[in-house]
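Reading through the structure tokens given below for one structure.
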Amino acid sequence: MGGAFATAFAKRTSHAVSIRGSHAGSSSAAALSRQLGVRVADDKELLAADVVFVATPPAALDDVAAVLKGYAGIIVSAMVPGAGGYELKRDDGTSAAEQLARLVPKGRVVTAFTSISSALIREPASGEKPTVFTCVDDEATRSTVIALAKEIGFEGVDAGHLDASPNIENLGLLVGQLAYGSGFGNRVTLRAYVAPRPVRRARPGKGSTVPKRRRSP
């Protein structure tokens with residue numbers, strides 16, 4: 001997912017993009033840096049970023065928080081506890097995003113992109129846009145993340161405050177089940193829309209007329 005985000009923003013937007021591996025000296029981060037022509041961010045650059053996308057296994061939350069200590073920008077959590085067998089270390093009924101918000105209290109944490117596969121982030125759909133559900137307490141942060149989602153080919157919607165993020169993280173499990181358990185493949189996704197009401201035939205009423213049947217001669 002981290003590589004997919006870096007690819008999407010580097011290739012489809014004008015934002016300055018840098019990447020950070022799951023550990024110092026990550027060979028995969030170095031390879032992606034060369035492929036995309038972006039920097040591998042050091043600690044100083046990471047803390048100076050406007051937006052940080054976190055796409056690590058949920059069990060790595062403590063390591064993520066240690067690196068982001070003191071960070072006061074926007075943190076987009078795309079973590080899905082339970083996906084691929086990766087669980088949270090602290091099972092206290094809260095989401096990965098809520099736990100990250102507690103660990104990095106100055107950051108503005110938003111849950112987003114949990115129901116979008118890395119395949120779709122790398123190569124978005126044509127036609128109807130998949131929905132990026134966003135959960136965050138700060139409206140300015142929500143507007144920023146929805147705008148970023150739109151830039152790379154998606155439709156962002158307000159899915160509530162951060163305390164609603166367990167529901168949004170669980171959508172990732174549903175998409176995983178549809179993709180690999182139900183055979184839809186890795187481009188299956190979810191889209192929110194308001195279904196139109198059915199068209200009802202008007203019944204004759206006061207002031208209306210009903211054509212009379214013609215009698216046969």
Side-chain angles (χ1 to χ4, degrees), residues 1-90 95-124 132 141 144-145 148-149 151-154 165 168-169 172-173 175-176 179-180 186:
M1 283 293 284
F5 284 128
T7 300
F9 284 105
K11 291 187 174 182
R12 303 202 294 274
T13 77
S14 59
H15 295 292
V17 177
S18 58
I19 59 175
R20 179 70 174 249
S22 57
H23 60 274
S26 166
S27 59
S28 60
L32 187 62
S33 170
R34 292 190 296 270
Q35 176 187 336
L36 297 177
V38 300
R39 290 179 56 80
V40 175
D42 58 25
D43 290 350
K44 185 177 180 180
E45 290 171 322
L46 186 65
L47 296 178
D50 295 320
V51 183
V52 172
F53 282 74
V54 176
T56 60
L61 267 179
D62 291 337
D63 296 333
V64 172
V67 174
L68 291 176
K69 184 178 180 180
Y71 180 69
I74 296 173
I75 304 173
V76 178
S77 171
M79 293 180 285
V80 179
Y86 294 111
E87 304 290 347
L88 286 164
K89 286 183 178 179
R90 290 173 290 277
S95 65
E98 289 173 295
Q99 293 189 24
L100 183 58
R102 290 202 301 262
L103 293 168
V104 189
K106 292 183 179 179
R108 290 170 284 159
V109 177
V110 51
T111 303
F113 294 95
T114 57
S115 58
I116 310 291
S117 69
S118 60
L120 273 174
I121 291 172
R122 292 178 189 276
E123 186 181 4
V132 172
T141 298
T144 297
V145 174
L148 289 172
E151 284 190 72
I152 59 172
F154 302 100
S165 59
I168 304 308
E169 290 180 353
L173 298 179
V175 168
Y180 304 108
N186 64 4

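These figures come from a predicted structure and were not determined experimentally.
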Gap separating the CG atom of L36 from the CZ atom of F9, nearest 0.5 angstrom: 13.0 Å

Closest non-hydrogen contact found for A55 with M1 is CB-CB, 3.6 Å

Do any N or O atoms from the side chain of T7 and from the backbone of G3 form a donor-acceptor pair under 3.5 angstrom? yes

Heavy-atom pair of closest approach, residues E98 and S165: CG-OG, 3.8 Å

Residues at least two apart in sequence or cross-chain that pass side chain to side chain contact (heavy atoms under 4.5 Å, CB included) with V54, listed by chain then number, are V52, T56, V64, L68, I75, M79, L100

A96 backbone acceptor or donor facing E169 side chain under 3.5 Å: yes

Of the non-hydrogen atoms in A83 and L173, which two are nearest, and what is the gap between them? N-CD2, 3.6 Å

Could you pull out all residues at least two apart from V76 that satisfy side chain to side chain contact (heavy atoms under 4.5 Å, CB included)? V51, F53, I74, V110, A112, F113, V145

Inter- and intrachain pairs under salt bridge (Lys or Arg N to Asp or Glu O under 4.0 Å), touching residues 3-27, at least two apart: R20-D43

Contacts of S26 that satisfy side chain to side chain donor-acceptor pair (under 3.5 Å) - sequence neighbours left out: S28

Of all heavy-atom pairs between F5 and I121, which one has the smallest distance, and what is that distance? CE2-CD1, 3.5 Å

Rounded distance [0.5 Å steps], OG in S18 versus CG in D42: 8.5 Å

Ignoring hydrogens and angles, tell me if any N or O in the side chain of S118 forms a donor-acceptor pair with the backbone of A4 under 3.5 Å. no

For residues 64-84, the side-chain hydrogen bond (donor to acceptor under 3.5 Å, both in side chains) pairs (sequence neighbours left out) are none

I19 vs S33 side-chain heavy atoms within contact, under 4.5 Å: yes

Interatomic distance, Y180 atom OH to S117 atom OG [nearest 0.5 angstrom]: 6.5 Å

Do you know the tightest heavy-atom contact between A97 and T111? CB-OG1, 3.0 Å

According to the salt bridge (Lys or Arg N to Asp or Glu O under 4.0 Å) rule, which pairs have a member within residues 107-123, sequence neighbours left out? none

Kindly determine whether D63 and V67 satisfy side chain to side chain contact (heavy atoms under 4.5 Å, CB included), including the steps that lead there. CA-CA 6 Å; D63 296 333; V67 174; 5.8 Å; no

Taking all heavy atoms of A149 and all of V132, pick out the closest pair and write down the distance. CB-CG2, 4.0 Å

Does atom CZ of R39 have more than 12 heavy-atom neighbours, drawn from other residues, nucleotides or ligands, at distances under 6.0 Å? no

